[in-house]
Each structure stands twice: as structure tokens, then as C-alpha cells.
There are 2 protein chains.
Amino acid sequence: MRASEKAYAALRDDIVEWRLAPGTVLAEVEQSERLGVSRTPLREALGRLTAEGLTTPGGRGVVVTDISLEDIDELFELRETLEGKAAALAASRGDAATFEQLQRELAHAPDLINGNDPTRHDYYELVGRLDAAIDAAISNSYLAQAMRSLRVHLVRIRRLAADDAARLTAAAAEHAAIAEAIAAKNPRLAEAATTLHLHRSLSHVKATHASHHKEHHG
Amino acid sequence: MRASEKAYAALRDDIVEWRLAPGTVLAEVEQSERLGVSRTPLREALGRLTAEGLTTPGGRGVVVTDISLEDIDELFELRETLEGKAAALAASRGDAATFEQLQRELAHAPDLINGNDPTRHDYYELVGRLDAAIDAAISNSYLAQAMRSLRVHLVRIRRLAADDAARLTAAAAEHAAIAEAIAAKNPRLAEAATTLHLHRSLSHVKATHASHHKEHHG
DNA sequence: ATCTCATTTTCTGTATACATAACCCTTGTG
DNA sequence: CACAAGGGTTATGTATACAGAAAATGAGAT
């Protein structure tokens, strides 16, 4: 693996998993020593992170960007626009059998959620397959790219929310509804199902974020 | 000006203005000598261009990305999604006076188009001010960023289309309709006016692109 | 004649040394 | 005591040297 790739993956992971808090200054020498690479590949990694919006050029060096409540609202506003359109396009252009299969698998998602694996690997993998299927079905690389760049931030937010079994079960049902609408080749229904799902996700994130806040300050 | 910034600006301009054709391999030593900077800042510039999608990592070095007819369709599909939403949000959240003023100025755009300046600087500046006003009105930095990253590609496409006075005059009227709808605080109308404008722009681009193609091959 | 494999060359990837600019602290003054 | 100016310090920005990998080249065999 290239050193710049290694540094990028490590830093990205540290930021997304909140091991590097917002506002942290990423000094080049400090980070290059910590990650065991020289400054050149490290700078490349920082450039990629900044392009993605995970870091921003601050006075000296780059700093880990903050995610405020307003950011979450803005992020979901854009997400609703993009994923709503994507679901509609997938319904128009996608292959019905693919999404029928995903719908069937999502019906059994509760088994994955309540299984032995505390990381819920299989569940998240299944949701990821739905995302990938939509990406492939829309046949619009620019839209797919825009959604990919959003997902980085969404993963970061997800780590704030308590992914409890109740919410995940409900989310799986919402995903199944999206898959069903796409399989039925109904663009407007697919978009509506997506809108519904995102609104509920947002509510959940904001609720847990608020209680986190209370925990820390009250 | 920093060397990496200089290299980035020069390469970006060369690509957008079609002085560097799609498929051109950008070798590091060659380009660094041409632009008078060392390889380090040049690589940073190439990284930024690749993140924007103007270049792609090809076998050896990076190559200037192609823009096919399908790409144009995909680009406008995403553009319609983003700018339609942006216009609607601007209508909801924007300041009416700002857009009334822009509407009045756009009414006089034919004067700018038929003026002495062959580059139509004042006209494009006015259209740019409308874009900026919408960007500011939506108060969603993620959506604004997504639109900015699209505009690079759109400028590149625009240089393919013949920006004749007739099309620009019609476009100005379409822009005026968008400004009017936003000023009237009518989101659905603003979105519709945007959809209409983009469809006509796309038709124009594809028509001139097709005739170009005929010119070269027939 | 063409395909394959080894050699050579050339390019990218990385490390490091140097230049430059921003920041901080000290010092002097109002 | 507050504030500004200056130098010192430390970080980033740039250049270059080196290492390694990939592609072009050429010789040899089939």
C-alpha cells in the first residue's frame, strides 16, 4: 500500500470515528511521525481530506472540521435532494429483480440486527449493497460521485447516534420500502419512501445528539 | 502566489479552455518544466484537479478526462436536481429585494449582449451575480459546494457551445424568470423556471455539439 | 514473422534539505 | 499598564535527490 494512501486511510478513519476531535490541528511533522510516513505523502493525504471537507485550511496547517446541528440539517437537506432523485432514477432505469432480491433480504434484517455480532457487520453490508445497487442503477456517475462524497460525512454523523436495535429495525423496514418501490418501477413512490426514511433518520440523529448534549452539560 | 496555486490555476484553465485535449497525459516533469514549478507543487495541483474530476489517474500519471455526450446528459441531470432545489430554497429563504434588483438588471441584459465587448464580460458577470445570490440565499454550504464543483465542468462544456447573441438573449430572459420567481417567494415556480432554463441550455449545447461533430467528420 | 522474456529506461512515489512566511514572545515606549 | 515593533522560533511551502515500479525496447526462440 502506498504511504499516502495509508496516511489518508488512517487520518480519515481517525476523524470519522471521532478519535480526532473537531478543531484538532493536524501539524504535518507531528502527524507524519505518528503515522510513520514522511511529510510528502502526508500532505497529499491532508489535501484529499480537505477536498472532501473533513478538514479545512486553518491559520497554520489544517484543522478537523466541526459538525454542528445546522450542518446536520444542511447535510440531510442535500442528501434528501440527491438520494430522492437517485431512488426515482433507479426506479426508472433499474433492474426489478435486483431490488426484489434486496427487498427479500431486508425483510430478514431483524435476524441480522439481533444476531451475535455486536458490530452488525452483516446488516450494514446489506444496506451498503442497497446503496451500491442504486448507484449502479442510476447510471449517472456525477450523481453517484456526489452521493459518495456525502456519505463520508454521514458515517461521521452516524457514530454520534445510538444505533439501537429498535431504530435499526425500523430503518430496515424503510429500506425495504424503498427497494420495493424501485422494484415496482414507481419513481415517485421510491422518492417518497426515501424522503420518509431520511426524515426519520434525521429525527433519530437529532434526538440522540440532543440527549448526548444533555448528558455532557446537564 | 503560491507555486501550487499557480500550477493549479494554469492547468485548470488549460483544461477548461480546451487547450489541453481530453486524453492528454500530464507527465509530472514535463508539466512542471512548462509551468516553471517543481514537481512537489505540481503534484498538489494534479491532486486537486483529480479530486474535481477534470483529470483521472491513468496508467502512468494523470490524463485529462473526456466529456462525452452521455456525460453532458448526466451532468445536466445532476445540475437540474441541484439547481432546481437551490432555486426553490432561495425562493423560500432569500431576500426579495435582492432578486427584484437582479430581475431588473437582467431585463437590460440585451444591451450587454449586443454591446462592444466581444467577451461579454458584463453579461457573464451579471449571471454570476445571480448564481452568487442564490448560493447565499440557500444558506446550505454543502449544497453550494456541490453546485460549485459542478460549475467547473459546465464552464468546460460552455466553451463547446456557440454562445451566440440569440441564445444569450433567450437565456437572459430565462434567468430573469428565475429571479422573478424567487423574488415572488414562489419555490415551485422558481424550480420550474430553473428546469425550463436548463433544458433549453442543454438542447442548445447538444445542437451545437452535434453540428461541430458534423463539421469535423462530414 | 511474431510472441515472449529480459533489459533498460523513464516515470512516479517518497524522503529530506532548504526557503519562506506566519506566529509568538520579548522588549521598549507611550 | 497597555500596546506596538522587532526579532526569534516554528511551521508550512518548495526543490531536489533517491528508490522502486511500470512501460518501452530489443534480443532470442518458436
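A, B, ... follow the sequence lines: proteins, then strands. Residue 1 opens every chain.
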Query raised in the report: With the sugar-phosphate defined as primed atoms, P, OP1 and OP2, and the base as all remaining atoms, what B/S/- string results for nucleotides 14-22 of chain C, 5' to 3', for protein heavy atoms under 4.0 Å?
Result: BBBB----B
Residues which pass side-chain contact (heavy atoms from CB on, under 4.5 Å) with [X], listed by chain and number, not counting sequence neighbours:
| X | value |
| --- | --- |
| B:Asp13 | B:Glu17, B:Arg19 |
| B:Asp117 | B:Thr119, B:His121 |
| B:Ser92 | B:Pro187 |

Requested in this report: Take the C1' atoms of the five end pairs on each side of the helix from C:dA1-D:dT30 to C:dG30-D:dC1, get both axes, and report the angle to 10 degrees.
Outcome: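 Roughly 20°, once rounded to the nearest ten degrees.
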For the pair made of [atom1] in [X] and [atom2] in [N], what is the distance, rounded to whole Å?
| X | N | atom1 | atom2 | answer |
| --- | --- | --- | --- | --- |
| A:Leu42 | C:dG13 | CG | C1' | 15 Å |
| B:Glu28 | D:dT14 | CD | P | 15 Å |
| A:Glu30 | D:dA11 | CD | P | 9 Å |

Could you tabulate the donor-acceptor pairs under 3.5 Å formed by side-chain atoms of residues 80-89 of chain B, not counting sequence neighbours?
from, atom 1, to, atom 2, distance (Å)
B:Glu80, OE1, B:His199, NE2, 3.0
B:Thr81, OG1, B:Glu77, O, 2.9
B:Glu83, OE2, B:Arg79, NE, 3.2

Query raised in the report: Is the backbone N or O of B:Leu11 less than 3.5 Å from a side-chain atom of B:Asp14, with the two atoms forming a donor-acceptor pair by type?
Result: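 Absent.
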For [X], which residues count as a side chain to side chain donor-acceptor pair (under 3.5 Å) partner, sequence neighbours excluded?
| X | result |
| --- | --- |
| B:Gln101 | B:Arg104, B:Glu105 |
| A:Asp163 | A:Tyr124 |
| B:Asp135 | B:Arg151 |

